[in-house]
Every structure is written in structure tokens, then in C-alpha cells.
Amino acid sequence: MTTPNSTGPSDFVRAIIAADQAAGKHGGRIVTRFPPEPNGYLHIGHAKSICLNFGIALEHPGGRCHLRLDDTNPTTEDPEYVQAIQEDIRWLGFDWNGYLFYASDYFERLYEFAVTLIKKGKAYVDSLSADDIRAYRGTLTQPGRDSPYRTRSVEENLTLFARMRAGEFPDGAHVLRAKIDMASPNINLRDPVLYRIRHVAHYRTGDTWCIYPSYDFAHPLSDAIEGITHSICTLEFEDHRPLYDWVVAEAEAPHRPQQIEFARLNLSSTVMSKRRLLELVDKRLVAGWDDPRLPTLKGLRRRGVTPEAIRAFCEHIGVAKRDAVVDTQLFEHFVREDLNRRSPRAMAILRPLKLIIDNYPEHLVEELDAVNNPEDPSAGTRKVPFCKELYIEQDDFREDPPKQFFRLAPGREVRLRYAYLVTCVGLTKDPRTGEVTEVHCVYDPDTKGGSSRDQRKVKATIHWVSAAHAAPAEVRLYSHLLTAELTDIPDDKEWTAYLNPHSLERLTGCLVEPSLRHAPVGARFQFERQGYFCVDPDSSAERPVFNRTVSLKDTWAKIQKAQQQ
RNA sequence: UGGGGGAUCGUCUAGCGGUAGGACGCCAGCCUUUGGAGCUGGCUACCUAGGUUCGAUUCCUAGUCCCCCAGCCA
């Protein structure tokens, strides 16, 4: 799954690290980190980064991966997210082994680093307004201009910075800026803001601080403080790297971590940005952060996706620098592959159609043997009750069957899975709508279990439930969130206009085999011939609710689609 | 039109001077008490143009296209 010849690193990040190891860099240590900001829930894009960072640590003896909450902006952060982030990482199967850190724990040391910078003449307090700072910054093609406050003395800067900390100024009155180069072609180097005043309580430090460090200052120094050797981040930080290196060097930090950038994960037909995810939740366009349609880890978990499938997917997509949109079908492949191996099978009827076996004894109930998992003999068998009246899937009967349809139709014989061969001998229709309400069959008593003595072939095997024994259930079918790719949506169009109105379909009249009646929340099954399903927390004692994780591959649907064209 | 990155099958991704591999997908077939799973076989790619070289996806030059950067967000 990694490299074909299984020698050497599987991606360019690991190649860099291997080369560093070979060169004896960092004294042979490998320390990575996963640094989420606790202002939202983790999604599958984070999973890629988690697998990379924790994976690399695991691959090296003595390697470690720190979990660091990058909580330098109190206005958006919340302890609820801190908790959820930890749960999600553990659920994915990774462990920070006690190396849990908070950027907010470094506020005092960060302040000292800032003082060091000021004393070296490498930082100054600017009193320009936010608007003026923007105006002075110049543009992509024009250099910026020095702030009139840029030449303040070290003493004045020191005093002002101390007074900022002491809370003597309102928000926005001053900022601390690095003194680098207002004419730099790299805008990040045009005296970036290091500290801003925010009279806001922080969820961990309370009212201790009213000045908070910016990402560009806090992040490299946090890495340095923790002795991170390789600081792996996404592409948009590539042109922050010179600033990262500048901060670490000028602040005289104890270590020099190396920043490496890779392309973030994009998945087709869905949204991954925090902004859009938040918009969906806030506008109630989805049920919450754990809505099974979302690519959040919480959503995927509720939908029934396993951590193993996510990890296999992340390993398979690789790590590179080119922008890429991974087809959701590839993700679904790994979900099916994992679920196929481990899911017990069951029979469930999503859209019921009554089937009556005319020649079956009125009150007889047979307990038939059904295999729990053909992929796993150790899963054993179970009994499924069978009687005269059953329900089958509406899709499995056609009064007037099209070409290549080989399920039940008048005069046709099919196999009822694990039961008998039955032949359709008639049907009942609603006189008003013309809708088929009942299908009548006769069974061959010599075919119990599903095979005949004469070995005659039937083209189809269909699933069923006993009308007298089946349990009612609700089933929720999910499909892609968007009807167009984000990159294809015109700038003047609201992206939410492209939400798929059929991304959730609730089926309330479903019937499942009795063994599913009390299936526990989170339990996963393959509903034969349909897909993989997972018991939702909305289930009640009387009625389970199932989420479809992913459908089975459907050859007939493909044929139908081709026939329509 | 400043700076930083990136361009290989439809989609991801290998390859590091010897003539393109894997996975998904798609097509055909086998098998099958899930039209599932599995198994065969097939399909399609090196952004362009020059150059260096016996030989270039790999090196050089010039283009083209795509992404990111002008938060007191991260």
C-alpha cells in the first residue's frame, strides 16, 4: 500500500525526513505535531494531516507527535472543540502519548521572546489604525511604506508594549510589529503584526491577557519550544516560511524546526473549508456538525464509516505538492472494502411490496439458516423466520420487465435468499392508481434453503422479510452534498445554491428482519444487495433508525442508466 | 504586469537519463444462493516549443496554464 518495492519513503515529506536522519540532523530525533485551532470540528482533510504527522512519528523509534491546540485567538475558540478534537483523534486510532500542549501555555514565554525582539530593534509598537496599516502595506505589485512609528526607540517600544499588556489601551490602539522590510516582494515580510490588543477573555487564560500573539509569531516559537523537528503544514503557508525562519532565528529560540508544506485534501462533491462547514451548520442546512452528510469526522462516524477505512484512504491518496481533488468514489471504495470484511449481513426491505405464497401452509413458520458473513466463516449463521406472507423490495418486481431485468415478474422463478424458489403466478393492483399492491407466488417445497434437486438455475436471488415477524425501521439514505464542484461554481453565484436537495432521503416505512429490532446504536450491517448501514442515535426502543454509509456497487442500476441513454 | 508554488491516464499517485507502474474508475468476460464480494483481460497520460544527450517524463532555456499571498484569522 505504500511503495511498490517497499523500499524507501513513500512520499516527499518522508523522503526529506529520511535524508535528515541520514545526515544526522536534529540529533536523530523525529518530533512532529498536529496543531489544530479549537474553533471547529475536525474533518477528513485533518485526517490526512493526522495520519501524516502521527504516522511519521510511529515509523521512527522514539519519534513522537505532539497534539497542540493552537489557541491564540480567544474570539473564536471554545473548550467544546478542544474536547471534540481529542475524541476524534483517538477515534481515528492515534495517540499523542501525553504530549498534549496549548499555545496559550506559552503566552508568558512568547511575551519574553517579543521583548527580546524589541530589545534587538527587530520589533516595534505601531499606532496606526488597522486601515492605515493596510494602506501602508502596499499591494502585490507596489512596495509598502514605513509606518511613521517604525523608528520609535527601544525604550519607548518596551514601555508601550508593557502598557499594552497592562491593559492601558483599547482594542486596536496599538500593535506590535516585526521590523523586517516594508518593500519586500513577499508581503508576509512587510512588518507583520506580532501582537494585537483584544480585551476578550480566553477560554484557558481568562483575563490574564489582553494582548494575544498572532499565528506567525506564536506558531514557529511554539514549535521551537517543543523541539519540533519537522513542522508539516499545508501549501498556503509556503510563503510564510521565510517569516517562520526569521522569527525562530531573531527571537533566539532554542531550536530550529523545519517547515515542510504539502497539498491539503479536497474531496469532490463536498465542502471542506471551516467557513463553509460552519455556514451549513449555522444556517441549519444540515442537522449539525455530526450530520452524516458532512465530511467531518463526527459526521463520518455517525454515518458508519470506520477509522480503518479513513486511514487506508489517507495512506492511499499519498502526499504531494500539487493541488488535487480526490474523487469521492475512491473514498467510498475504501469504505466498502473495510465494511465488506467486517459487516454482518441482514435482510431489510426499504420499499416494501407484499408477496403471498399461495401454496404455503397458512400458519406455518419456518426458521431458516442464514449466513452472517460470507467473507468471515467465523461469524456463523442465524435463524430467520419465514412464512406465507412476506415483503420484498418494490424494485425486485416488474409487471412488465425490461431487457436484462431478471428479478421477479409474472411467470418468472426467482430464489428467495436462504428460503425457496418461488414463481410469480399473479398480482393484485389498486384499481384507482394501477399500482401493484400484492404479488402472488407458488413455492417449490423441494427447494428449501434455496437449491433445487434438479440444479435448475434461477437468474436472481432476492431478499425478503416475514410480514409477521419483521420490525419496522426508518432508513436514511445519503448522497453527495453538492450538485457541482466548488471550482466550477461561478464567483457571482452563492455556493449554497448548488446544495443537492436530495442529499438526504428518509424512508419511514421500512421493514427489517427481527434480529435487527434491538441493534445497538453504532452497530453496522450490510443489508444484502443494498449497502452498508449503521444504527443512528435517533433510534428508539421500538424503532431503529439506520444510516446508509455507502451503497453496494449496483450493476443493475448501471444497466438501467445505460438503457435510458 | 510583485513574490511563492505546481503541471504524468477521466481521478489520485509512482518514476529521478534507458523509453511510463499502481489504485480508483470505465469496458469485456469468468464465477456466484447478495446483479455484492472475488477472478481474468482490456482502456486511456508525461502542458507546449526549442536545446543538451546515443537516448529526456526526468537536465537546460523560453513559453502556457493552474493554485496561494495585500486579516490586528489560522
**Report entry** B:C46 and B:A20, which share atom name P, separated by this distance in whole Å
**Finding:** 12 Å

**Report entry** Reported CG-to-OH distance for the pair A:Leu128 and A:Tyr136, which is rounded to 0.5 angstrom
**Finding:** 5.5 Å

Report task. Just call it for A:Val371: base, sugar-phosphate, or nothing, with non-hydrogen atoms closer than 4.0 Å on any strand. Result -> nothing

Query - Within residues 160-187 of chain A or reaching into it, pairs that qualify as salt bridge (Lys or Arg N to Asp or Glu O under 4.0 Å) - sequence neighbours excluded - result: A:Glu108-A:Arg165, A:Asp126-A:Arg177, A:Arg163-A:Glu168

Query raised in the report: Taking only N and O in the side chain of A:Arg336, is any of them less than 4.0 Å away from OP1 or OP2 of B:C24?
Result: no

Requested in this report: May I ask you to decide if the ring planes of A:Phe237 and A:His240 are parallel, tilted or perpendicular, using 30° and 60° as cut-offs?
Outcome: perpendicular

Query raised in the report: Given the C1' atoms of B:G15 and B:G22, what is the spacing between them in whole Å?
Result: 11 Å

Query raised in the report: Just checking A:Phe217: base, sugar-phosphate only, or nothing, at a heavy-atom cut-off of under 4.0 Å?
Result: nothing

Query raised in the report: Among the nucleotides B:C24, B:G36, B:G2, which one has an atom lying closest to any side-chain atom of A:Thr141?
Result: B:G2

Requested in this report: Let me know the distance between CZ of A:Arg322 and C1' of B:U13, rounded to the nearest Å.
Outcome: 6 Å

Query raised in the report: B:C59 and B:G18: how far apart are their P atoms, nearest whole angstrom?
Result: 12 Å

Query raised in the report: Can you give one letter per nucleotide of nucleotides 67-74 of chain B, going 5' to 3': B for a protein heavy atom under 4.0 Å from the base, S for sugar-phosphate only, - for none?
Result: SBBBSBSB

Query raised in the report: A:Asp181 CG to B:G3 P: how many Å, rounded?
Result: 14 Å

Query raised in the report: With rounding to whole Å, what would you report as the distance between B:C16 and B:U11 at their C1' atoms?
Result: 24 Å

**Report entry** P gap between B:C43 and B:G10, integer Å
**Finding:** 14 Å

**Report entry** Given A:Phe161, A:Tyr212, A:Phe169, the one that forms ring pair (Phe, Tyr, Trp, His ring centres under 6.0 Å) with A:Tyr195
**Finding:** A:Phe161

Query raised in the report: Atom CG of A:Asp395 and atom C1' of B:U34: how far apart are they, to the nearest Å?
Result: 15 Å

Report summary line: Taking for A:Leu330 and for A:Phe405 the nucleotide of RNA chain B with the nearest heavy atom, the one nearer the 5' end belongs to A:Leu330

Query raised in the report: Side chain of A:Gln526, base of B:U34: donor and acceptor closer than 3.5 Å?
Result: yes

**Report entry** Distance below 4.0 Å between A:Arg190 side-chain N/O and B:G3 OP1 or OP2
**Finding:** no

Query raised in the report: Reckon A:Lys459 has a side-chain N or O less than 4.0 Å from the OP1 or OP2 of B:U32?
Result: no

Report task. State whether A:Glu308 and A:Arg342 are salt-bridged, where the test is any N-O pair (Lys NZ or Arg NE/NH1/NH2 against Asp/Glu carboxylate O) under 4.0 Å. Result -> yes

Report task. Kindly confirm or rule out a cation-pi arrangement of A:Arg345 over A:Phe527, judged by NZ or CZ under 6.0 Å from the six-membered ring centre and within 45° of its axis? Result -> no

Query raised in the report: Atom NE2 of A:His333 to atom C1' of B:G22: distance rounded to whole Å?
Result: 12 Å

Query raised in the report: So, is B:G71 syn or anti if syn means the angle is within 90° of 0?
Result: syn

Query raised in the report: How far, in whole Å, is B:G41 from B:G51 if one measures between their P atoms?
Result: 42 Å

Query raised in the report: Starting at the 5' end of RNA chain B and moving along, which residue's nearest nucleotide shows up first, A:Gly318 or A:Asp554?
Result: A:Gly318

Query - Spacing between A:Asn266 atom CG and B:G6 atom C1', to the nearest angstrom - result: 14 Å

Requested in this report: For A:Phe331, answer base if it contacts any base atom (sugar-phosphate contacts may also be present), sugar-phosphate if it contacts only those atoms, and nothing otherwise; contact means non-hydrogen atoms under 4.0 Å.
Outcome: nothing

Query raised in the report: Which residue pairs pass the salt bridge (Lys or Arg N to Asp or Glu O under 4.0 Å) test when at least one of the two sits in residues 191-200 of chain A, sequence neighbours left out?
Result: A:Arg150-A:Asp191

Query raised in the report: Is A:Glu261 salt-bridged to A:Arg241, cutoff N-O under 4.0 Å?
Result: yes

Query - Spacing between A:Glu337 atom CD and B:G38 atom P, to the nearest angstrom - result: 8 Å

Report task. Could you tell me the separation between the OH atom of A:Tyr244 and the C1' atom of B:G4, rounded to a whole number of Å? Result -> 18 Å

Report task. Would you please name every residue forming a side chain to side chain contact (heavy atoms under 4.5 Å, CB included) with A:Lys558, sequence neighbours left out? Result -> none

**Report entry** Same-atom distance (P) from B:C54 to B:G63, integer angstrom
**Finding:** 28 Å

Requested in this report: May I ask you to say what A:Gln530 touches in the nucleic acid, namely base, sugar-phosphate or nothing, with a heavy-atom cut-off under 4.0 Å?
Outcome: nothing

Query raised in the report: NA contact type, A:Pro374, heavy-atom cut-off 4.0 Å: base, sugar-phosphate, or nothing?
Result: base

Query raised in the report: Between the base of B:G35 and the side chain of A:Arg407, is there a donor-acceptor distance below 3.5 Å?
Result: yes

Query raised in the report: What distance, rounded to whole Å, do you find between the two C1' atoms, one in B:C9 and one in B:C47?
Result: 15 Å

Report summary line: Output field dot_bracket for RNA chain B (Watson-Crick or G-U, both distances under 3.5 Å, | for other-strand pairs) contains .((((((..((((....[..))))((((((.......))))))...(((((..]....))))))))))).....

Requested in this report: State which of B:U34, B:G6, B:G35 makes the closest approach to the side chain of A:Arg345.
Outcome: B:U34

Report task. Report yes or no: do A:Glu366 and A:Tyr420 form a side-chain donor-acceptor pair below 3.5 Å? Result -> yes

Query raised in the report: Do A:Glu375 and B:G36 have a side chain to base donor-acceptor pair shorter than 3.5 Å?
Result: yes

Query raised in the report: Which is true for A:Ile559 with a 4.0 Å heavy-atom rule: it touches a base, it touches only sugar-phosphate, or it touches nothing?
Result: base

Report task. Figure out the NZ/C1' separation between A:Lys457 and B:C30, and round it to whole Å. Result -> 13 Å

**Report entry** More than 12 heavy atoms of other groups within 6.0 Å of A:Arg264 CZ
**Finding:** no

Can you give the donor-acceptor pairs under 3.5 Å from side chains of residues 327-335 of chain A to other protein atoms, not counting sequence neighbours?
| from | atom 1 | to | atom 2 | distance (Å) |
| --- | --- | --- | --- | --- |
| A:Asp327 | OD1 | A:Gln329 | N | 2.9 |
| A:Thr328 | OG1 | A:Ser268 | O | 2.6 |
| A:Thr328 | OG1 | A:Ser268 | OG | 3.1 |

Query raised in the report: Hey, does A:Val319 reach any base, or is it just sugar-phosphate, or nothing, if we go heavy atoms under 4.0 Å?
Result: sugar-phosphate

